[in-house]
Amino acid sequence: MMAEMDEHPSRWETPTDAVSISVIGCGYLGAVHAAAMAALGHDVVGLDVDAAKIAELAAGQAPFFEPGLTEILAEGARTGQLRFTTDLGSVAAAQVHFICVGTPQRRGENSADLRHVDAAFHQLLPQLKPGDVVVGKSTVPVGTAERLAELLRSVEPTATLVWNPEFLREGHAVKDTLSPDRLVYGVPEGPAGERAVTVLNRVYAKAVANGVPVVVTDYATAQLVKVAANSFLATKISFINAMAELCEVTGGDVVQLADAIGYDARIGRRFLNAGLGFGGGCLPKDIRAFMARAGELGVDQALTFLREVDAINLRRRVRMVDLAREVCEGSIVGRRIAVLGAAFKPDSDDVRDSPALSVAAQMTLQGAEVVVTDPEAIANASAKWPDLVFAETVDEAVQDAELVLLLTEWPEYVALDPHELRTRVARPRMLDGRNALDAARWRAAGWTYRALGRR
Ligand code: UDX
């Protein structure tokens, strides 16, 4: 295997040099990854089958809302280090190929749909050259990397597969990619794996120089790290939301409870915000795919708790609608209700599995006259939920409302002036689905203020 390394020494001999990179799949992960790699000084070509998306990216425009992305796209276009194409042949010049395609939940099932990963891999194989490094970043069921490595070996035995999961959060994706908390490399044993580590350390040279921890491990661990991290985060959120359920029946206050337990450094206060729970394109589908995979592996009992995590999370949405009904004296039929927030979280225009839209849709189905607003996500939300009514501004949304629900804690919503807002609504009643508002301030301004898990 050492011979393999010596066969292609010139391509990797100067450790500080720019690396020639291809990024296959330019969705959320891929577009950010490609732009960030160019920002680090590498030569990058991003590839996607969606010509419209590629045209936007090539013009330096982000196809979705992500702070800081437009700037690094423009910078990459200016320096010429970042190109986007639909032409698969363009990846042939690259030495390191990142697979960044999506792994959505299969329709009607819990498991992950690997169609895009398999397609990307099969398209890449004929383009590979001796010594190339293929890097999987997509979130996949454990066992996928082993299968793909076998396939790679049969086509290009001198190429190496690394599994290098991403942990980026929407809204912080650029920062998370440029300065990650940690880097995880799942590599094969032996010289091929050692060489792949050297290559990835070169790709991430800046982070490595800054002391970012690098965990070098096997394929199985690398794939599991990602789903374990997301499962832990989902569990933490559902844990505090379960405590909210207890607070609701005992008169306790979940925010104070979270503060109090969060002071224990072993527990920590982050990701202990009780409210409407988690949504988005990752946590819900990842915990379900993890349970499905555990079932296939014969260890479904190990992850039975994740079923509860999922159930607690979904119950919060139902509770929110119940609370709206309670505050509206038992019926929401025909009531004008304003919903602030459509994105699954602030600083994102992503509405995948958005708790806010789920609540808005349930209330609409139950006969309420719901108007939804959001600073960034209305276009995506109306495309996905065409039957919902949307307003461009908070003022329009709350006009004559008998109830206002804060469901996504955008900073501009948290900063709303309760006195000013009161002049627009029909009834000053606020349900804070994210425990983001200052209850005393809203009550002092004459509002009926209610929140999940609080008196
Ligand atoms: C998540 C992981 O954080 C990231 O590491 C992984 O790579 C992808 O999945 P993301 O989906 O962008 O990232 O969102 P995140 O910030 O984790 O929030 C997920 C959901 O949890 C949001 O709906 C958010 O509103 C909710 N949440 C978060 C809470 O309800 N309470 C909290 O305390 C924190």
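Counting starts at 1 for both ligands and their atoms, following the listed order. When reading the values below, keep in mind they use all heavy atoms of this one structure, side chains included, and skip hydrogens, waters and symmetry mates.
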**Item:** Sole residue of Glu170, Glu66, His172, Glu376 in side-chain hydrogen bond (donor to acceptor under 3.5 Å, both in side chains) with Ser348
**Value:**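 Output: one option passes, namely Glu170.
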Which protein heavy atom lies closest to [atom], and at what distance to 0.1 Å?
atom                    : result
atom 13 (O) of ligand 1 : Arg169 CA, 3.9 Å
atom 2 (C) of ligand 1  : Asn230 OD1, 3.6 Å
atom 9 (O) of ligand 1  : Cys282 CB, 3.1 Å
atom 31 (N) of ligand 1 : Asn273 O, 3.0 Å
atom 7 (O) of ligand 1  : Leu168 O, 2.9 Å
atom 5 (O) of ligand 1  : Phe167 O, 2.8 Å

What I want to check is whether the side chains of [X] and [Y] have a donor and an acceptor closer together than 3.5 Å.
X      : Y      : answer
Asp218 : Thr221 : yes
Glu146 : Gln223 : yes
Asn164 : Tyr204 : yes
Glu396 : Thr393 : yes

**Request:** For residues Glu248 and Arg454, determine if any side-chain heavy atom of one lies less than 4.5 Å from a side-chain heavy atom of the other.
**Result:**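 The answer is no, as the side chains (C-beta and beyond) never meet within the 4.5 Å cut-off.
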**Prompt:** Any side-chain heavy atom of Val203 sitting closer than 4.5 Å to one from Val133?
**Reply:**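 In short, these two side chains do not touch, never coming nearer than 4.5 Å.
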Per [atom], closest listed option by heavy atom ([options]):
atom                    : options                       : value
atom 24 (C) of ligand 1 : Lys345, Glu170, Glu166        : Lys345
atom 19 (C) of ligand 1 : Leu283, Leu233, Asp176        : Leu283
atom 21 (O) of ligand 1 : Tyr28, Phe278, Phe271, Phe344 : Phe278

**Message:** Using every non-hydrogen atom in the two residues, find where Thr86 and Ala51 come nearest and quote the distance to one decimal.
**Reply:**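 Nearest pair, atom of Thr86 first, then Ala51: CG2-CA, 3.8 Å.
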**Message:** For a quick test of reading the model, state the closest non-hydrogen atom pair linking Val351 to Ala377 and the distance between them.
**Reply:**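 Looks like CG1-CB, 3.8 Å.
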**Item:** Under-4.0 Å heavy-atom contact with ligand 1, by part of Ile237 that carries it
**Value:**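 For Ile237, only side-chain atoms sit under 4.0 Å from ligand 1.
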**Request:** Report the part of Asp286 (side chain from C-beta onward, or backbone N, CA, C, O) that has a heavy atom under 4.0 Å from ligand 1; answer both or neither where that applies.
**Result:**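 Answer for Asp286: neither.
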**Message:** Regarding ligand 1, does Pro355 bring an N or O atom to under 3.5 Å of one of the ligand's N or O atoms?
**Reply:**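 In fact, backbone or side chain, Pro355 has no N or O that close.
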**Asked** N/O to N/O below 3.5 Å, does that happen between Gly279 and ligand 1?
**Response**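 Yes.
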Would you please determine whether [X] falls within less than 4.0 Å of ligand 1 on a heavy-atom basis?
X      : result
Gly280 : no
Arg270 : no
Arg434 : yes

**Request:** Would you mind listing which atoms of ligand 1 come within a distance below 4.0 Å of any non-hydrogen atom of Lys226?
**Result:**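 The list of qualifying atoms is 7 (O).
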**Item:** Numbered atoms of ligand 1 (with element) below 4.0 Å of Leu272, judged on heavy atoms
**Value:**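 Taking each heavy atom of Leu272 in turn, ligand 1 has 33 (O) under 4.0 Å.
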**Prompt:** Can you name the residues that form a ring pair (Phe, Tyr, Trp, His ring centres under 6.0 Å) with Phe290, not counting sequence neighbours?
**Reply:**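 Per chain and number, Phe290 pairs via ring pair (Phe, Tyr, Trp, His ring centres under 6.0 Å) with no residue.
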**Prompt:** Is the cationic atom of Arg269 (NZ for Lys, CZ for Arg) positioned less than 6.0 Å from the six-membered ring centroid of Tyr263 and within 45 degrees of its normal?
**Reply:**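 Relative to the ring axis of Tyr263, which defines the angle, Arg269 lies outside at least one limit.
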